[in-house]
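First up is the structure itself, then whatever we jot down about it.
Along the sequence shown, residues carry numbers from 1.
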Amino acid sequence: MDSQTSQSSQASQSPHPPHTFQVDLRGLVDLLSHHLYSSPRVYLRELLQNAVDAVTARRAEEPDAPALVRLHTADGGLRIEDSGIGLTESDVHELLATIGRSSKRAEGLRETRSGFLGQFGIGLLACFVVAERIRVVSRSARTPAAPPVEWTARDDGSYTVRTLDGPARPEPGTTVYLTARAGAAEWLAPGRVLTLARDFGSLLPYDVRVDGEPVTDLPAPWDRPHPSPASRRVALARHCQEQFGFVPLDSVDLDVPLAGIRGVAYVLPSAVSPAQRAGHRVHLKGMLLTERAEQLLPDWAFFVRCVLDTDSLRPTASRESLYEDETLAAVRDALGMRIRSWLTGLAAGDPERLRAFLAVHHLGVKSLARHDGEMLRTMLPWLPFETTDGQLSLEEFAQRHPVVHFTRTVEEYRQVAPIASAQGIGVVNGGYTYDSELVEALPSVRPGTAVAELDADTVTAHLDAVDPAEELALSGFLAAARAKLDPLGCDVVLRAFHPLSVPALHLDDRAARHEQARAAAEERADDLWAGILGSLRGSAPRARLVLNHLNPLVRRIGSLADPELIGTATESLYGQALLMAQRPLRPADSALLNRAFIGLLEWATHGGSTQGENGR
């Protein structure tokens with residue numbers, strides 16, 4: 001990096017040679033403010049981190065040393081004092097002239113490394129995102145005879161160092177003074193400083209105050225004693241409202257001692273999309289690290305928001321998110337186990353709360369159950385599925401039906417559900433997220449259960465065949481109807497089924513739909529692609545229009561003698577069956593519906609005269 005020569009100053013006893021910043025300070029400030037940190041607000045976290053680390057370092061050598069951090073606001077500036085380890089003049093040159101050095105590397109402090117939050121050098125210079133000048137006055141607790149030292153730096157890259165006489169800092173510790181840069185005074189305002197300090201430092205282990213106002217609020221909400229479980233739930237619900245803005249359905253304790261984690265997960269009161277990234281609040285050794293940790297929990301646990309404190313997870317360079325490593329992966333699994341155990345406990349001892357939870361978040365539990373056989377077994381009596389018998393659990397549905405039929409799409413279910421139900425076939429709608437996977441996994445947790453995918457052939461096979469003589473008498477009608485629908489890739493069959501009110505049923509399967517899509521693409525393609533698509537033509541079964549011989553309307557249409565009128569009526573039945581199945585209409589289907597509607601109007605308004613006489 002480019003270096004900028006600092007302005008040297010004289011110590012109180014002897015001159016010092018010029019000093020040099022080992023970094024392009026202006027470039028560093030731009031990097032910190034525009035690329036590393038999400039907001040200037042983090043400057044206060046860096047100050048608190050430095051102060052807390054200094055106190056931790058002193059207490060490692062003097063367990064009875066005072067543990068105080070005081071912030072004072074006045075005249076648009078900020079002063080922060082700590083009773084920490086302090087610095088000598090040589091420490092200042094080593095730690096503040098070379099970015100990346102840390103007081104934690106100093107002699108005698110290696111054994112307490114795990115107790116620190118940040119890096120002193122870069123942490124202090126991060127304050128230049130809001131300050132034009134930083135002044136540090138420090139006295140070393142490790143070298144009591146050393147005089148206080150003053151380090152003053154400006155955002156132009158210059159700094160001075162000098163030793164001081166008199167009572168500038170009579171006790172060990174450090175005082176940092178910030179002078180606001182132009183346009184940044186709001187970040188040093190009393191109200192803003194107090195808000196930020198409480199947000200970042202409410203769980204810090206030392207006595208922190210802003211202008212006399214307490215910042216820390218210990219013990220943490222999840223560790224506080226309460227007279228009863230009910231009063232604890234109320235207190236945690238209040239904490240959730242303060243942190244996330246919602247009242248939770250429930251709370252789940254997150255306690256992983258081996259990973260140094262304590263906290264709580266709050267269950268959202270309303271359903272959310274599995275794709276929505278959750279934002280969790282993570283404290284590192286009491287200091288708020290981030291409010292938007294996304295990788296903390298397994299993907300299936302999208303129905304909770306967490307607040308926790310840890311001393312084991314590794315922060316990224318900006319200390320605003322978590323570093324993805326083996327430790328985080330292990331913590332993620334452990335927290336997932338805590339939430340899973342909570343669900344299992346509800347199933348065993350509090351079914352009413354479980355029902356209330358599943359009414360909102362069954363999708364998250366289904367996501368977990370598809371990968372966890374034990375969870376699927378536990379939740380079988382509780383998870384709701386849409387079936388032809390209504391909303392039921394798979395356990396109850398399997399008790400009613402010897403074969404659990406299911407469809408893979410909502411469209412397939414809508415096609416067959418009314419008819420299958422009338423024929424006594426039980427069907428589960430597997431078209432919703434995770435449902436078909438869970439139905440297919442049913443035999444693994446409920447031995448002896450038969451599961452089968454329901455297709456058009458199965459439905460047709462359950463419909464009653466028409467007497468051969470009656471079908472032969474209708475052969476002319478059926479031939480005209482088939483000729484009309486053949487260009488649409490649809491066959492016509494005659495069956496007898498209930499309910500009588502359904503005149504026709506449109507059945508197809510995914511193979512038939514794929515063939516229809518291929519044929520439609522072939523019609524739109526140029527010669528080259530048409531040839532390629534033509535070579536992919538399959539022998540998949542075609543869609544079929546199943547006419548209900550028991551329906552009075554179908555019987556009347558079957559007695560018509562006019563082939564053109566039979567064709568128009570057949571198109572009408574086809575279109576009505578598509579609409580009943582709630583299938584998306586192709587352009588050819590929309591044109592058919594319009595043509596059939598106009599044709600029937602013409603036939604009706606002309607008293608049964610042939611449509612050919614009216615220009616058709």
Requested in this report: Evaluate the side-chain proximity of Thr568 to Trp603: yes if any heavy-atom separation is below 4.5 Å, no if none is.
Outcome: no
Query raised in the report: Can you tell me if Arg41 uses its side chain to pair, donor with acceptor, with the backbone of Leu196 under 3.5 Å?
Result: no
Query raised in the report: Can you tell me if Asn548 uses its side chain to pair, donor with acceptor, with the backbone of Phe497 under 3.5 Å?
Result: yes
Report task. State, with a plain yes or no, whether a side-chain heavy atom of Leu383 is found less than 4.5 Å away from one of Leu394. Result -> no
Query raised in the report: Under 3.5 Å, side chain of Ser312 to main-chain N/O of Ala259, donor-acceptor pair present?
Result: yes
Query raised in the report: Between Asp464 and Leu550, is any pair of side-chain heavy atoms under 4.5 Å apart?
Result: no
Query raised in the report: Does any N or O in the side chain of Gln295 come within less than 3.5 Å of the main-chain N or O of Leu322, such that one atom is a donor and the other an acceptor?
Result: yes
Query raised in the report: Under 4.0 Å between a Lys/Arg side-chain N and an Asp/Glu carboxylate O for Arg238 and Glu242?
Result: no
**Report entry** Test item: Arg305 and Phe246 side chains (from C-beta on) under 4.5 Å apart, heavy atoms
**Finding:** yes
**Report entry** Pair Phe303 + Phe357: ring centers closer than 6.0 Å
**Finding:** yes
Report task. State, with a plain yes or no, whether a side-chain heavy atom of Asn429 is found less than 4.5 Å away from one of Glu412. Result -> no
Requested in this report: Give a yes or no on whether a salt bridge exists between Lys366 and Asp435, defined as a side-chain N under 4.0 angstrom from a carboxylate O.
Outcome: yes
Report task. Kindly indicate whether the side chain of His280, heavy atoms from C-beta on, has any atom under 4.5 Å from the side chain of Leu308. Result -> no
Query raised in the report: Should Phe477 and Leu560 count as side-chain neighbours, where that means a heavy-atom distance under 4.5 Å?
Result: no
Requested in this report: Keeping the roles fixed (side chain from Arg482, backbone from Val492), state whether a donor-acceptor pair exists under 3.5 Å.
Outcome: yes
Query raised in the report: Taking everything shown except Gln391 itself, do over 12 heavy atoms lie less than 6.0 Å from its CD?
Result: yes
Query - Arg446 side-chain N/O to Arg377 backbone N/O, donor-acceptor pair under 3.5 Å - result: no
Report task. Taking His239 for its side chain and Trp222 for its backbone only, find out whether a donor-acceptor pair lies under 3.5 Å. Result -> no
**Report entry** Side-chain donor or acceptor of Ser421 paired with backbone N/O of Ala417 under 3.5 Å
**Finding:** no
Query raised in the report: For Thr387, does its backbone N or O pair with a side-chain atom of Tyr413 as donor and acceptor, under 3.5 Å?
Result: yes
Query raised in the report: Between Arg555 and His549, is there a donor-acceptor pair closer than 3.5 Å when you use the side chain of the first and the backbone of the second?
Result: yes
